[in-house]
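Here is the naming used below: chain letters follow the sequence lines, and residue numbers restart at 1 for every chain. Computed over heavy atoms, backbone and side chain alike; hydrogens, waters and symmetry mates excluded.
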Amino acid sequence: MWGAELVPNVVSFSAAISACGKGREWQQALSLFSELRETALEPNIICYSAAISACEKGEQWQSALAMLSELQDEQLRPNVISYGAGVSACKEGGQWQRALSLLRDLWMAKLEMDVVILSAAVGACDKGGQWQWAISLLRQLQTSTLEQTVITYNSGVSACKEGGQWARALWLLREIRTARLEPDAISYNSGIGACKAEGLWQHALLLLGDMREARVEPDLVSYNSAVSSCEFCGHWRQALSLMRESSEASLQPDIISYSAVISACDKASEWEAALSLLGEMWEAKVQPSIVSYSAAISACEKGKQWQQSLSLLRGLWKARLKPNSATTVQ
DNA sequence: ATAGGGTTAG
């Protein structure tokens with residue numbers, strides 16, 4: 001552009017910054033922004049929003065918020081788009097208080113609230129472990145004139161799950177229908193995930209059944225979540241049988257499926273089953289990870305199979321996976 | 001002409 005003696009304007013800078021954001025090149029986006037500052041051009045709200053979004057995609061919540069305050073210093077008014085990118089950046093960084101504070105700013109600026117920014121805020125509460133706030137935001141949505149979406153509910157179910165509020169999670173799952181929306185696989189999967197608590201594996205299985213009945217095909221995440229609830233309860237046979245069931249449903253068990261079942265074996269001190277599953281992974285061309293190895297090693301240790309533990313540790317090294325603190329042989 | 005934001009599994 002320079003070579004052709006064409007001078008980029010604010011529009012070209014905005015487009016370029018946005019392109020960097022989409023390509024996950026946040027440093028590049030910010031350096032373009034400082035380049036823009038060195039010209040006689042005045043960055044506008046669109047440039048700023050593109051830069052904030054690039055920070056968000058690069059998980060740089062501090063930079064995103066810095067840009068948001070900088071644009072206000074420049075006497076520019078943030079709009080829903082700038083705030084939306086900011087809330088999302090806070091969500092990624094687990095900064096739920098800051099996300100809520102941006103929501104308040106948006107309200108104070110009398111800007112129109114929308115369902116996506118509210119969902120992002122619910123997501124921030126989810127990540128920040130604030131299920132009460134997540135529910136409170138969801139209630140705000142319900143009493144507003146905004147069109148509700150299943151995604152907001154999904155974030156809410158997930159927040160309850162993260163907060164260990166399984167009954168509330170399942171209650172919200174039911175509320176989706178009350179709101180005349182159709183729960184999708186993610187809704188059910190979050191609900192199944194919420195059943196990872198003492199004695200709740202049967203609930204997880206019931207939800208799998210509910211899904212089929214509602215003609216929402218369980219996917220690998222559904223099965224893996226159910227396996228995980230069995231793992232939590234130490235029901236390794238049930239966990240294994242669920243993994244087999246997923247195969248029959250043409251869903252190839254992946255690294256997460258195997259790791260969860262091997263962890264279930266560990267919990268039940270079933271070292272032989274753990275080892276056999278680890279071997280099966282190789283056959284299925286699923287590369288074991290540090291998680292699967294750790295679980296198998298722990299199972300062997302519980303069974304006092306020191307030789308096996310050592311041999312697995314060596315296998316870990318050979319696979320060039322760094323052992324972590326969970327893989328110590330006493 | 002140029003900007004954007006939401007959900008699930010080890």
Let's see if you can work this out: which of [options] has an atom nearest to the side-chain heavy atoms of [X]?
X        : options              : value
A:Ser14  : B:dA3, B:dT2, B:dT8  : B:dT2
A:Ile151 : B:dA9, B:dG6, B:dT2  : B:dG6
A:Asp254 : B:dA1, B:dT2, B:dA9  : B:dA9
A:Thr149 : B:dT2, B:dT8, B:dG6  : B:dG6
A:Ser190 : B:dT8, B:dG6, B:dA3  : B:dT8
A:Ser259 : B:dG4, B:dA9, B:dG10 : B:dG10
A:Asn9   : B:dA1, B:dT8, B:dG6  : B:dA1
A:Asp126 : B:dA1, B:dT7, B:dG4  : B:dT7
A:Ser18  : B:dG6, B:dA3, B:dA9  : B:dA3
A:Ser88  : B:dA3, B:dG10, B:dG6 : B:dG6

Give a yes or no on whether a donor-acceptor pair under 3.5 Å exists between the nucleobase atoms of B:dA3, that is its base, and the side chain of A:Asn44. no

Which residues, if any, of [range] bring a heavy atom under 4.0 Å of DNA chain B?
range                       : value
residues 153-160 of chain A : A:Asn154, A:Ser155, A:Ser158
residues 58-75 of chain A   : none
residues 208-229 of chain A : A:Val221, A:Asn224, A:Ser225, A:Ser228
residues 235-245 of chain A : none

Any side-chain heavy-atom pair from A:Asp266 and A:Lys302 closer than 4.5 angstrom? yes

Is the shortest distance from a Lys or Arg side-chain nitrogen in A:Glu59 or A:Lys91 to a carboxylate oxygen in the other one below 4.0 Å? no

Just to verify, what does A:Tyr153 make a side-chain hydrogen bond (donor to acceptor under 3.5 Å, both in side chains) with, not counting sequence neighbours? A:Gln142, A:Gln148

Looking at residues at least two apart in the chain, or sitting in another chain, which of them share a side-chain hydrogen bond (donor to acceptor under 3.5 Å, both in side chains) with A:Thr152? A:Ser119, A:Thr149

Name the atoms and distances for all side-chain donor-acceptor pairs under 3.5 Å in residues 188-195 of chain A, with sequence neighbours left out.
residue: A:Tyr188; atom: OH; partner: A:Arg177; partner atom: NH2; Å: 3.3
residue: A:Asn189; atom: OD1; partner: A:Ser222; partner atom: OG; Å: 2.6
residue: A:Asn189; atom: ND2; partner: A:Ala185; partner atom: O; Å: 3.3
residue: A:Asn189; atom: ND2; partner: A:Asp219; partner atom: OD1; Å: 3.2
residue: A:Ser190; atom: OG; partner: A:Ile186; partner atom: O; Å: 3.0

Please collect all salt bridge (Lys or Arg N to Asp or Glu O under 4.0 Å) contacts where either partner lies in [range], sequence neighbours excluded, each pair once.
range                       : result
residues 75-84 of chain A   : none
residues 37-49 of chain A   : A:Arg37-A:Glu70, A:Arg37-A:Glu74
residues 145-156 of chain A : none

Is the distance between the ring centroids of A:Phe13 and A:Phe33 under 6.0 Å? no

Are A:Ile262 and A:Trp282 grouped together when hydrophobic residues (ILVMFWY) are joined by side-chain heavy atoms under 4.5 angstrom apart? yes

Which pairs with one or both residues in residues 121-132 of chain A pass side chain to side chain donor-acceptor pair (under 3.5 Å), sequence neighbours excluded? A:Asp126-A:Ser158

Scan residues 18-33 of chain A for pairs that pass side chain to side chain donor-acceptor pair (under 3.5 Å), counting only residues two or more places apart or in two chains. A:Ser18-A:Lys22

